[in-house]
Protein chains: 2
Amino acid sequence: MSETELDLEVKTPRKKTRQNKIVDILATKVACKECSLHQLCLPSSIDGSDLEKLDNIIERKRPLKRNDHLFQVGSQFTSIYVVRSGSLKTYSPTVDGQEQVTGFHLPGELLGLDAIGKGMHPCAAKALETTSVCEVPFENLEFLAQELPTLQHQLLRLMSKEIFDDQELMLLLGKKTAEARLSAFLLSISLRFKQRGFSSSEFYLSMSRNDIANYLGLAVETVSRMFTRFQEDGIIDAERKHIVINDREAMQQIAGINECCEDIAAEETQKTL
Amino acid sequence: MSETELDLEVKTPRKKTRQNKIVDILATKVACKECSLHQLCLPSSIDGSDLEKLDNIIERKRPLKRNDHLFQVGSQFTSIYVVRSGSLKTYSPTVDGQEQVTGFHLPGELLGLDAIGKGMHPCAAKALETTSVCEVPFENLEFLAQELPTLQHQLLRLMSKEIFDDQELMLLLGKKTAEARLSAFLLSISLRFKQRGFSSSEFYLSMSRNDIANYLGLAVETVSRMFTRFQEDGIIDAERKHIVINDREAMQQIAGINECCEDIAAEETQKTL
DNA sequence: TGATTAAATTGACAAATATCAAGTTTATAA
DNA sequence: TTATAAACTTGATATTTGTCAATTTAATCA
């Protein structure tokens, strides 16, 4: 089988990849310039040679199949990951042997930042569909950040953003009715797609209703009923995983999203586009 | 009034503070060695001269009175803060003009890490009691981290810890019944006191029942009833803000805290003590 | 393809929590 | 100190959400 071959090839940083057409395409496609990780460097005027340094420490991993794990609970922390395509969920085990979903990760988003502190992953990451990620060995990144002040700055910014986003979600989870939670969740997903240049009014949810319910702290049945209610009210069209947002304002109303958040979100969107 | 005088004196880093007795005491008391911020440097074998560099960029602010703001929503981000004594809450405004409490900050804990990304504070911070904080101008800290690899590492670790802690709280807020939330909340406070060398079984809650309810996404009445229930069951003694935890295991049971969390918590405690 | 399993929806009912209202205790200020 | 306000507690009731059960729809695999 050529699978292992391909595996090895893809894992090698783009140096002598011009031999194999497939790898070449992959390598071209995921150069840092094009990659969502560009937030780490590009906006900070890192020039060609510095960018190449960053490019060189990044490993492109073989795509994960649905339900494959990127890392397990308690596994040693060595790298942070960036979703290139597809999506993943992170989850922790609970007392009663269940999963508790802690997050969803869309293209361009990071995984593993919560593991730096303790040197091990406090949650597991599982692919929701066929998914490819870039692996960024953290020691190398730290070392590089030491000599590139703008990279250090971007790294701190990104971690701060993660903290900010988590707190946004705590706002969502803390209070709110079931419909407010689901509405805020859909708006959040919508915004994240928009920030990556995808449609914000029409998208596919890669996660199951069960995952959504688990994540929002609701029963599956409640989530299902809320989807139905939103459709009856004409606020969304939902056919399984395919979602169309018809009345964004109504959803914001239901979610109880305040102007401040919206301003910030809008601002950020402009920055990214 | 000598208040402004004191203010100016205290704000000055410890260089020529030997003139004023009061200031001297304060300055001595808050040297980095003693300060909770030592997590930023001490465990990483930063030696005397480096420690002094860090010490020099830190400003000790005049104590805040109850209900004083440390920063407001939307205010420009310049510094991160470390609670020296007392406590604060952070909160965001909601649509209906209410507050939503996003966190409580005890001695040794950091504030403002969520503001780095956007350069402005997404929430406000208000003192729950008389509170003193250290102000760490972020530009200086970043600059210093550039030349001290261990400081950069610690800074990243601390931010990661913040992300980890936030996700722990999302676990708490996401699912769970009212009693599970309150129990987990009290255990979390307890652990945080323990990590700072205070008693983990007996402490004062500086925040009101209202703040707790708001934070946990519950009605005040529900929180009050849960306190009553826990007392009736003999799990805690609660007289207003004075809390005694009698049956920690029962509380862990109620909170649904899994072994993983406990292991990590225990480990971390050892490290700190 | 058809058979089997998993995911999603819907209804009926029970349990949990919010809301409203009243009363009590504690804190604050004149 | 007393007056006033704020914080907290308790009870009665209404609403929301979870649970159980049945059904429908979609996905997977031989």
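None of the values given here were measured: they were computed from a predicted structure. The chains referred to below are lettered A, B, ... by the order of the sequence lines, with proteins before strands, and numbering in each begins at 1.
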query = Nearest-Å distance, CG (N210(B)) to P (dA18(C))?
reply = 13 Å
inquiry  = Whole angstroms only, please: what is the CZ-C1' distance between F230(A) and dT9(C)?
reply    = 16 Å
message = Checking R229(B) against D233(B) for the salt bridge (Lys or Arg N to Asp or Glu O under 4.0 Å) test, could you report, in this order, the C-alpha distance in whole Å, the side-chain angles of both residues, the deciding distance, and whether it holds?
response = CA-CA 6 Å; R229(B) 184 187 295 178; D233(B) 296 349; 5.8 Å; no
ask   = Relative to each other, are the rings of H121(B) and F71(B) parallel, tilted or perpendicular (30° and 60° limits)?
value = parallel
task = Starting from C1' on dT9(D), measure out to CG on L182(B) and report it in whole angstrom.
result = 15 Å
query = Given E99(A) and K89(A), is the salt bridge (Lys or Arg N to Asp or Glu O under 4.0 Å) satisfied, shown in steps?
reply = CA-CA 11 Å; E99(A) 298 179 356; K89(A) 70 172 171 182; 3.2 Å; yes
ask   = Quick one: is dA6(D) close enough that its OP1 or OP2 comes under 4.0 Å of any side-chain N or O from S208(B)?
value = no
inquiry  = If we count only N and O atoms by modelled type, under 3.5 Å, do the side chains of S87(A) and H105(A) hold a donor and an acceptor together?
reply    = no
note = Heavy-atom contacts, protein to nucleotides 11-30 of chain D, under 4.0 Å, summarised as B (base), S (sugar-phosphate only) or - (none) per nt, yield BB----SSBB-----S----
request  = For H242(B) and dC8(D), give me the distance from atom NE2 to atom P, rounded to whole Å.
outcome  = 16 Å
task = Using whole Å, report how far CZ of R209(A) lies from C1' of dT10(C).
result = 14 Å
request  = Answer yes or no: does a side-chain N or O of K241(B) lie under 4.0 Å from OP1 or OP2 of dC8(D)?
outcome  = yes
request  = Using atom CZ of F227(A) as one end and atom P of dA7(C) as the other, report the distance to the nearest whole Å.
outcome  = 16 Å
query = Does a side chain donor of either E135(A) or S79(A) reach within less than 3.5 Å of an acceptor in the other side chain?
reply = yes
Whole angstrom value for the distance that separates C1' of dA8(C) from CG of N214(A) = 16 Å
task = Using atom CG of N67(B) as one end and atom P of dA6(D) as the other, report the distance to the nearest whole Å.
result = 12 Å
key: A125(A) backbone acceptor or donor facing T90(A) side chain under 3.5 Å   = no
